Amino acid sequence: MKKMRGIVGVLAAAIILAGANPSVAKADNPIVQTIYSTDPAPMVYKDTLYVYTGHDEDGAKYYDMRDWHCYSTKDMVNWTDHGTVCSLNTFSWAKSDAWAGQVVERGGKFYYYVPVIAKQGGNSIGVAVSDSPTGPFKDAIGHPLCQGYGFIDPTVYVDSNGQAYLYFGNPNLCYVKLNPNMISYSGGINRVYTSTASFGPYPGRASAYEEGPWFYKRGNLYYMLFSGNGIPEHIAYSTSTSPTGPWTYRGVIMPTEGRSFTNHCGVVDFKGHSYFFYHNGALPGGSGFARSVAVEEFKYNPDGSFPTIKMSTSGPNPIATLNPYTRVEAETICFSSGVKTEACGEGTQNVAFIENNDWIKVRNVDFGKGAKAFAARVASPVGGGTIELHLDSLTGRIVGTIKVPNTGNWQKYVTEYCDVNNVSGRHDLYFAFKGNGGSLMNFNHWQFFPVEETPTPAPAPSTENVNNNSTAHIDNGWYYLKNTNSQRYLTVEGDKAEAGTNVCIFRGTGADGQKWYVENTSDGYITLKSGLGNFMLDIAYGKNEDGANIGIYHAYANDAQKYVVKNTKKSGVYTIGTFVSNATKYIDVYEHKTADGTNVCQWKYYGNPNQEWIFEPCQGPASAAQTENPTVQPTPAPAPTPSVSTKGLEATATVNSWGSGYTASVKVSNSTGHQVNGWTAKIKKSQVKIDSIWNVNLKESGDYYVITPVDWNTSIGNGGSVEFGFNGVGSVDNISIEIE
Ligand code: FUB
């Protein structure tokens, strides 16, 4: 399966054969096709099942094993590749033979027990630790946990009383009692004396026990599954009412089959189902040294015994659907042909070495009421061909096609979009890669956009002259921000809820990445919080320069996350100045382009429509209960300190018509001869009907609107002034403002 960019190797051609074979195209077992994977060790953590595997190197003639990989699933059919999570290099003292290991979680840490040959020789068991189930794992103790003849295949279980056991060994079965720190043990190394009664018959040996123990408790019964019966191996099991035996042999679970002379199991319950993991040689090129991990669902018999489990190419049924309307990693795969994965320059993994006719299947994708567009994050230094989206089979209907441009290098990614034609309900989805010879592209992640939440079009802007470039007020709330030039919306690229994600324009999809919560800050600015979570629209590094990029970043409403909205000559159309440029630069669609995915940056004000935006009110995201909580709590205005004298305080209003009402800008000037530290303005309700107001606090009291300053405009120096404004409904003749 080794592939080199630009060269189609012999073994790669063997994998392409799998794509040409319809029965393999339907298979979902083995669960990993991008490498040869071995010795599965499943672990459930929260709502996800992780499986840790060994790795047979391509072309190996004996055990050539150097690292351990991790895959995860929430639905039992689509597996996300987390790459290499631990390797021989993790242990400075290890030399070779990265054989069968197991991970267990305890106290929020993940412990990986692995067998290796030490540099000074000898089978050794190491322990690595990580804060995350997907690593990276680090050597926990800097030396082997234990060493001895045949010390391989550790299996670990933390019993309900907190005592953890580590079993291991070939041909002898041994165990240690781990201390609560999981990285040391007490009570020495104990050997289990096997017999026909305890581990099954095998002529010429004490028992059929060989290697690959898998130890756990279910109800009150302890299980010891193992690989046995010499070579080729089958999987059998024994049980006990105590964690340390005596053991009673219970029979064979998985008889010998499957083109690999070893087998190795792992068993786990997940979301009410029981799963049996094993390995075989089912992939093209498969053998005893080119194995692949597969899984079957099973049901325990009522007495807790195992049924016989046969290998299959279909694997379990899905237990959940895949949501295509959030970012999905391209390395989330049900089955694939021809492709590999690698560490991605943008984090996680990417699908790599993609050649003509390679493909990836994802299963049980729920398109709901329908998708209207698709986005793929791709990179290619060669102008990378196309990705066809087929429904339900490799030759099924094509619902969209992505063209992959030349991006300059294999890790320089762009997001490419295409329209999607008439897809709704549940389907399997096939990405079919097409192009000329050699590697075509890298594929990092993808996402569909639903039809149902298309933003309501805003009324066409009028050309009415409205106080051009004066500060405007937008009420707190959720909005889509539509650029008037492109008629496209301010969008977090790929709907990716991650600090640093770029922001672009994209046609209205109604996705959460197009929703923004406007919040007026106490100092007269707004912040724009993303519908994707606790992120705000952010000027990269808070730079005051043309072209400074705009993305999302952790919400903390600092200078780089504050904006001022300005009126334009068109009613309801605004420009959005950035605080970092002191409102000399504005949110700008790059080079007046109108295509989906065009970047958005900061640029000097010049009044063209690529800097013009309409705020279209919208529903908040489903998670609005959390996200609507304003990140920046408006600072309550301090009670006004009585001024020494208000004689000489004056308020004047300038009124302009706006939509079906008007906007008033009010200037409060101080010529009292001293600083005033607080003021109150009162306007009779018979004169105006205030709809919204900014830079001040508003209360109603009897016949009056009572307006008080916010913290930054409470004090006015002698000769100075502050301004506030409001939108009024209907018409106005005269505004007289009483100030004190
Ligand atoms: O993968 C190397 C060895 O082969 C494992 O440690 C054994 O269990 C057998 O599967």
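Just so we're clear, the structure is a prediction, and the values are computed from it rather than from any experiment. First listed ligand is number 1; within each ligand, the first listed atom is number 1.
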(Q) Ring of Y300, cation from R218 - is the NZ or CZ under 6.0 Å from the centre and inside 45° of the axis? (A) yes

among protein heavy atoms, the one nearest atom 4 (O) of ligand 1 is R291 NH1, 3.1 Å

Review point. Can D392 and R363 be counted as an ion pair, charged N to O under 4.0 angstrom?
Key: no

Ring centres of Y45 and F110 under 6.0 Å apart?
-> yes

*Give yes if a backbone or side-chain nitrogen or oxygen of T38 is under 3.5 Å from a nitrogen or oxygen of ligand 1, and no if not.*
no

heavy-atom search around atom 9 (C) of ligand 1 in the protein gives E211 OE2, 3.5 Å

Numbered in order shown, the ligand 1 atoms found under 4.0 Å of a heavy atom of H264 are 7 (C), 8 (O), 10 (O)

Notebook entry, point to check: Heavy atom of E233 under 4.0 Å from ligand 1?
Noted result: no

Discussion item. Is there a polar contact between ligand 1 and W99, counting only N or O atoms under 3.5 Å apart?
Written reply: no

Do I125 and Q147 have side chains that approach each other closer than 4.5 Å (heavy atoms only, starting at C-beta)? no

min-distance protein heavy atom vs atom 7 (C) of ligand 1 -> D153 OD2, 3.4 Å

closest protein heavy atom to atom 10 (O) of ligand 1 is D39 OD1, 2.7 Å

Per-atom filter on ligand 1: closer than 4.0 angstrom to a heavy atom of H279 are 10 (O)

For E331 and T80, test the side chains for any donor-to-acceptor distance below 3.5 angstrom and give the result as yes or no. no

Worksheet item: Any salt bridge between R327 and E329, counting N to O under 4.0 Å?
Response: yes

Test side-chain contact (heavy atoms from CB on, under 4.5 Å), reference R291, set T262, N280, L283, output is T262

Taking only non-hydrogen atoms of M65 and a 4.0 Å limit, the atoms of ligand 1 in range are 1 (O), 2 (C)

